Structures are given as structure tokens and as C-alpha cells.
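Below is one structure, written out as C-alpha cells; comments come after it.
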Amino acid sequence: MTNTQRVNIGEQHPSAYKSLIAWSAKVEENAVAAGLDPLLIELVRIRTSQINGCAFCLRMHTRDALKKGENPDRIAVLPAWGETGYFSETDRAALRLTEAVTQVPDGHVSDEDYNAAAAVLSPEQLSAVVWLTTVMNAFNRVAITSRYPVHG
């Protein structure tokens, strides 16, 4: 953390931030319509934020997931989802795709990762996961760059 004063880009350009919020709402609506569990939607947001190191979004979406009834153990082991029995086949496919999309600089979205997700998720669900991850990456970048405050 730096002591450099940061511009809050959401406040600096509120219409752009409001558009991002509206985009996020539409993406969530499409994800639910595609049959994705609301808890999985929050896990996708949390996992994206874990990878990006966005404390603000992690706190927000962890709280949201808990309010929706998510098991705290699933949140605790989320970075190691592949090593646990807590996650369904659908969860695993979505989380694998989420990681691949978020880590595009590490090799793009490989055919292996894409095909693994496509083998489990419907086209609508696959698209919804990519959109959820994309919008979450955008929010992470806004919060991280602006240094949204996170403290107890």
C-alpha cells in the first residue's frame, strides 16, 4: 500500500461507473437465466478477486455470498477448489474457466480449459461465466487502481 493520493475513478467519472454497475446487473441477470446458482455467481466473483488481489471486492462478495447462504468452508478453500470435494462438476468447470479468463496473460484461455468447461456447461452458462469474470475483472481494476479503502 502506498501513501500516494489516488483519484477515485468511479467518482471522477460517475456515469462510467454507473454503466459498469448496470452492466454487472445485466450480466448477473443473464447468469441466473442461464441456470447458474447464485452462490456460484458469488464464487466466480470471489475467485476472480482472489487472483487479482482485490481486497475491496473480496470483502464485498464474501459478505454477499455468506448472506446468500454460502458455506464458509467453501469460501475458505476456494483457492484450492481442485483439491477438495466441496464443489460440484458445474462449480469446477466455472471456476476453471474463471481462472483461465482472469489469467489471460499467462497463456490465454487454452483449448484444454475451454473444452473442459464446455463439456460441463451449456453454451449459455459458459458465456455467462465469461461475462461474470470479465465484469469482475473490470471492477477489480477500478478498485485496485483507486485504492478503495478496506479496514476493520
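Keep in mind it's a predicted model, so treat the numbers as computed, not measured.
Looking at heavy atoms from C-beta onward, Ile9 lies out of side-chain contact with Tyr17 at the 4.5 angstrom threshold. Put simply, the side chain of Ser146 does not reach to within 4.5 Å of the side chain of Val7, judged on heavy atoms.
Residues passing the side-chain hydrogen bond (donor to acceptor under 3.5 Å, both in side chains) test with Arg63, sequence neighbours excluded: none. Partners of Asp73 according to the side chain to side chain contact (heavy atoms under 4.5 Å, CB included) rule, which considers only residues two or more places apart in sequence or in another chain, are Asn71, Tyr86. Here Thr62 pairs with nothing under the side-chain hydrogen bond (donor to acceptor under 3.5 Å, both in side chains) rule; sequence neighbours left out. By the side chain to side chain contact (heavy atoms under 4.5 Å, CB included) test, Ala16 is found to be paired with His13, residues two or more places apart in sequence or in another chain being considered.
For residues 51-60, the set of pairs meeting the salt bridge (charged side-chain N to carboxylate O under 4.0 Å, His left out) definition, not counting sequence neighbours, is empty. Applying the ring pair (Phe, Tyr, Trp, His ring centres under 6.0 Å) definition to pairs two or more places apart or across chains, none involves residues 58-78. Legend: salt bridge (charged side-chain N to carboxylate O under 4.0 Å, His left out) pairs involving residues 17-29, not counting sequence neighbours, sorted by first then second residue: Lys26-Glu29, Glu28-Arg45, Glu28-Lys68.
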Considering only distance and modelled atom types, tabulate donor-acceptor pairs under 3.5 Å from the side chains of residues 118-132, sequence neighbours left out.
unit_1 : atom_1 : unit_2 : atom_2 : d
Ser122 : OG     : Glu124 : N      : 3.4
Ser122 : OG     : Glu124 : OE1    : 3.3
Ser122 : OG     : Gln125 : N      : 3.1
Gln125 : OE1    : Ser122 : N      : 3.0
Gln125 : NE2    : Ala34  : O      : 3.4

Would you mind writing out the side-chain donor-acceptor pairs for residues 91-100 within the sub-3.5 Å range, not counting sequence neighbours?
unit_1 : atom_1 : unit_2 : atom_2 : d
Asp91  : OD1    : Ser88  : OG     : 3.4
Asp91  : OD2    : Arg74  : NH1    : 3.0
Asp91  : OD2    : Ser88  : N      : 3.1
Asp91  : OD2    : Ser88  : OG     : 3.2
Arg92  : NE     : Phe87  : O      : 3.2
Arg92  : NH1    : Trp81  : O      : 3.4
Arg92  : NH2    : Thr84  : O      : 2.1
Arg96  : NE     : Asp113 : OD1    : 2.7
Arg96  : NH2    : Glu112 : OE2    : 3.2
Arg96  : NH2    : Asp113 : OD1    : 3.1
Thr98  : OG1    : Ala94  : O      : 2.8
Thr98  : OG1    : Thr133 : OG1    : 3.3
Glu99  : OE2    : Arg47  : NE     : 2.7
Glu99  : OE2    : Arg47  : NH2    : 3.2
Glu99  : OE2    : Trp81  : NE1    : 2.7

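Counting only distance, with no hydrogens or angles, the side chain of Asn52 and the backbone of Cys54 share no donor-acceptor pair below 3.5 Å.
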Evaluate Ile144 against Phe56 for side chain to side chain contact (heavy atoms under 4.5 Å, CB included), listing each step before the verdict.
CA-CA 8 Å; Ile144 290 168; Phe56 184 85; over 6 Å; no
Worked verdict on Thr48 versus Phe139 for side chain to side chain contact (heavy atoms under 4.5 Å, CB included):
CA-CA 10 Å; Thr48 302; Phe139 273 119; over 6 Å; no
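A chain of hydrophobic side-chain contacts below 4.5 Å, direct or via other Ile, Leu, Val, Met, Phe, Trp or Tyr residues, connects Ile21 to Val27.
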